[in-house]
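So that the names make sense, note that chain A is the first sequence line, chain B the second, and so on, each numbered from 1.
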Amino acid sequence: MISFENVAYSYGGGELLSDITLRLAPGSFHFLTGPSGAGKTTFLKLCYAELLPSSGRVTLFDSEVRSLTRDAVAMTRRRIGVVHQDCQFLDHLTLSANVSLPLTVAGRPEAPRDLADLLAWVGLDRLAGSLPPQLSGGERQRAALARAIIMGPDVILADEPTGNLDWEMSLRLLTLLVELNRMGKTVLVATHDLNLIRQAKSQIAARVLRIAKRRIQLAGADL
Amino acid sequence: MKRLFAPTTADSVVPPSGHTAWLTSFTAGAMTFLAVFALALAMASGRLAERWAGALERTATVRLSAPPEQIAQQEQAVLDLLATTPGIAAARPLTTDEQRRLLEPWFGPDLPVDALPLPRLIEITEDGSGYDSEGLRLRLAAEAPGAVLDDHTRWRRPLAVAADRLRLLGWLSIGLIGLTMAAMITLAANAALAANAQVIGVLRLVGARDSYIARAFVRRFTLRALAGAGAGAVLGLAGVAVLPSADQAGGFLTGLGFQGAGWLLPLVLPPVAGLVAFAATRAAAFRKLKELN
């Protein structure tokens with residue numbers, strides 16, 4: 001589904017990621033940990049072709065990212081739902097319009113019932129007509145998750161999704177991600193919140209990847 | 001083009017922008033207003049050039065100055081000569097009344113033409129194939145020493161060339177106005193795209209293609225330019241319409257305007273402005289989207 005083969009990534013200042021080889025299998029649940037600035041966000045961006053590797057091969061759904069045209073990248077992103085810590089919305093559109101944005105840009109008809117069900121699932125059904133600036137941090141994160149999954153993507157990537165949330169809200173978001181994984185979605189969550197990882201491992205067979213010294217390693221079982 | 005005018009969902013994903021909308025409409029309006037006048041100038045110059053060039057080709061005059069006792073003999077000699085000259089369809093002496101009318105603007109209607117020692121004028125009409133003016137001059141000098149061929153070339157040709165150049169300048173001005181409008185709209189589109197970088201980022205994240213994102217901006221700018229240019233064309237036409245008519249004064253400047261179906265020509269300018277805006281915004285959008293990657 002997503003595979004890295006001897007991938008390195010360099011910014012102007014030097015190499016941030018080096019010699020990364022891994023494969024995210026369909027239906028798997030991975031956490032990605034590491035200190036701030038270690039390259040977690042960069043790794044996620046490589047996963048949805050926002051960045052291209054300096055060397056090595058990144059393959060998304062059997063296509064090498066360098067061979068993808070700009071249109072093909074857009075089509076690939078429709079199969080990958082992304083949730084950022086500072087999730088951004090179109091502030092002039094309502095919450096429901098923002099959540100259904102992936103359907104809008106794909107030219108797919110929006111089913112009001114499905115949208116309502118999705119908003120109810122993330123607990124935002126009563127805020128469907130609200131504008132994004134009116135939402136709290138937790139509501140924005142859940143809205144971002146709803147937007148990320150409305151197209152029924154194969155992969156969900158979340159970058160510090162609980163960074164701005166309290167523990168209760170973090171658990172609620174984690175529960176939603178676990179439910180999605182049980183539906184067969186591949187989930188990769190970048191976080192430095194070890195309590196969240198422990199909580200998840202108590203519910204599902206999540207694997208933990210750790211970025212250290214520019215490389216990604218499989219973390220020990222002590223988490 | 002049909003997709004351009006049909007409201008699309010792409011429109012709503014880009015927030016309405018303030019100053020770029022106003023700038024685009026104003027620029028298109030002002031440029032089209034100027035283009036209407038440039039078009040009027042080109043059309044008027046064209047008419048003038050054609051009229052003068054046509055006159056150059058069609059008629060000439062032989063001016064005959066001779067002592068009174070020889071004037072009739074030389075006039076007949078000139079007419080005989082002209083009758084046998086290839087390229088000349090007809091030749092006839094101007095009547096006294098015609099000469100009076102020619103002089104009337106300078107000397108008034110009561111000029112005693114008969115009492116004045118005016119030269120005799122013979123009007124020549126070409127047959128279309130043209131005649132050898134130099135050869136005719138030489139033959140006139142031999143047959144009627146007092147006859148001078150004035151084929152109007154000396155003074156009309158520079159005027160015709162000047163009018164032709166003026167027409168060219170008019171069209172060149174329209175081209176420059178179009179390029180200026182394209183440049184201004186490109187700047188406005190770039191500003192709008194840069195201001196909406198976050199929106200573009202969100203759209204990219206959810207899988208929007210460049211063509212989808214560009215369409216929202218292109219449609220918006222094209223319609224703004226079309227509306228602005230429409231207003232500019234109407235104002236320009238009104239401006240040209242209130243200029244004094246050529247019939248009243250007869251000068252070149254007062255003849256600046258359109259005639260007949262020519263009044264419809266400025267209506268072509270708004271669609272052209274729309275096309276210019278479409279091309280400029282589309283090129284700017286795709287270029288900027290690649291930069292923003």
Side-chain angles (χ1 to χ4, degrees), chain A residues 44-45 47-52 60 65 68-84 86-94 96-110 131-133 140 143-144 146-155 157-159, chain B residues 1-22 189-221 223-224 281-293:
Chain A
L44 288 185
K45 285 183 174 178
C47 286
Y48 64 92
E50 174 75 17
L51 296 175
L52 294 176
L60 306 179
V65 289
L68 296 175
T69 61
R70 294 174 69 84
D71 275 355
V73 168
M75 299 307 285
T76 300
R77 285 181 186 165
R78 293 178 189 180
R79 300 179 65 184
I80 303 173
V82 182
V83 182
H84 284 297
D86 58 336
C87 39
Q88 293 182 327
F89 296 95
L90 305 186
D91 288 346
H92 64 292
L93 297 182
T94 63
S96 59
N98 268 286
V99 168
S100 59
L101 192 60
L103 294 174
T104 306
V105 302
R108 287 197 201 168
E110 171 194 313
L131 295 174
R140 289 174 72 90
R147 185 180 67 188
I149 64 174
I150 197 167
M151 289 278 283
D154 300 305
V155 179
L157 306 174
D159 187 7
Chain B
M1 192 56 79
K2 188 179 174 185
R3 289 170 71 187
L4 181 69
F5 289 102
T8 65
T9 53
D11 277 357
S12 63
V13 300
V14 178
S17 49
H19 72 283
T20 54
W22 182 86
N190 278 336
L193 286 156
N196 287 294
Q198 183 196 322
V199 171
I200 291 168
V202 171
L203 291 172
R204 281 243 175 89
L205 189 69
V206 299
R209 296 181 187 188
D210 282 358
S211 56
Y212 180 89
I213 301 169
R215 200 183 311 146
F217 289 94
V218 169
R219 182 175 185 275
R220 187 169 293 186
F221 276 79
L223 293 182
R224 284 174 190 160
T281 315
R282 187 176 159 80
F286 278 103
R287 193 169 53 244
K288 195 73 181 175
L289 286 171
K290 280 185 181 169
E291 284 174 16
L292 289 173
N293 192 24

Okay, A/Phe89 and chain B: the region with an atom under 4.5 Å from a heavy atom over there is backbone
Apply side-chain contact (heavy atoms from CB on, under 4.5 Å) to B/Leu203 and A/Leu101, showing your working.
CA-CA 8 Å; B/Leu203 291 172; A/Leu101 192 60; 4.1 Å; yes
What part of A/Arg79 lies closer than 4.5 angstrom to a heavy atom of chain B: side chain, backbone, both or neither?
neither
Do B/Leu289 and A/Arg70 touch side chain to side chain, with heavy atoms closer than 4.5 Å?
yes
Scanning both residues in full, the closest heavy-atom pair of B/Val202 with A/Arg147 reads CG1-NH1, 3.6 Å
Nearest atoms (heavy-atom pairs only) where B/Val206 meets A/Arg78:
O-CG, 4.2 Å
Measure the OH-OG1 distance between B/Tyr212 and A/Thr104 for me, rounded to the nearest 0.5 Å.
6.0 Å
Below 4.5 Å, heavy-atom pairs only: which of A/Ala106, A/Pro102, A/Cys87 has the largest tally toward chain B?
A/Pro102
In terms of heavy-atom contacts, B/Ala208 and A/Ala74 come closest through O-CB, 3.7 Å
Atom pair CD (A/Glu50) and CZ (B/Arg204), whose distance is rounded to the nearest 0.5 Å:
8.0 Å
Under a 3.5 Å distance rule, please check whether A/Arg77 uses its side chain to pair with a backbone N or O of B/Leu205 as donor and acceptor.
no
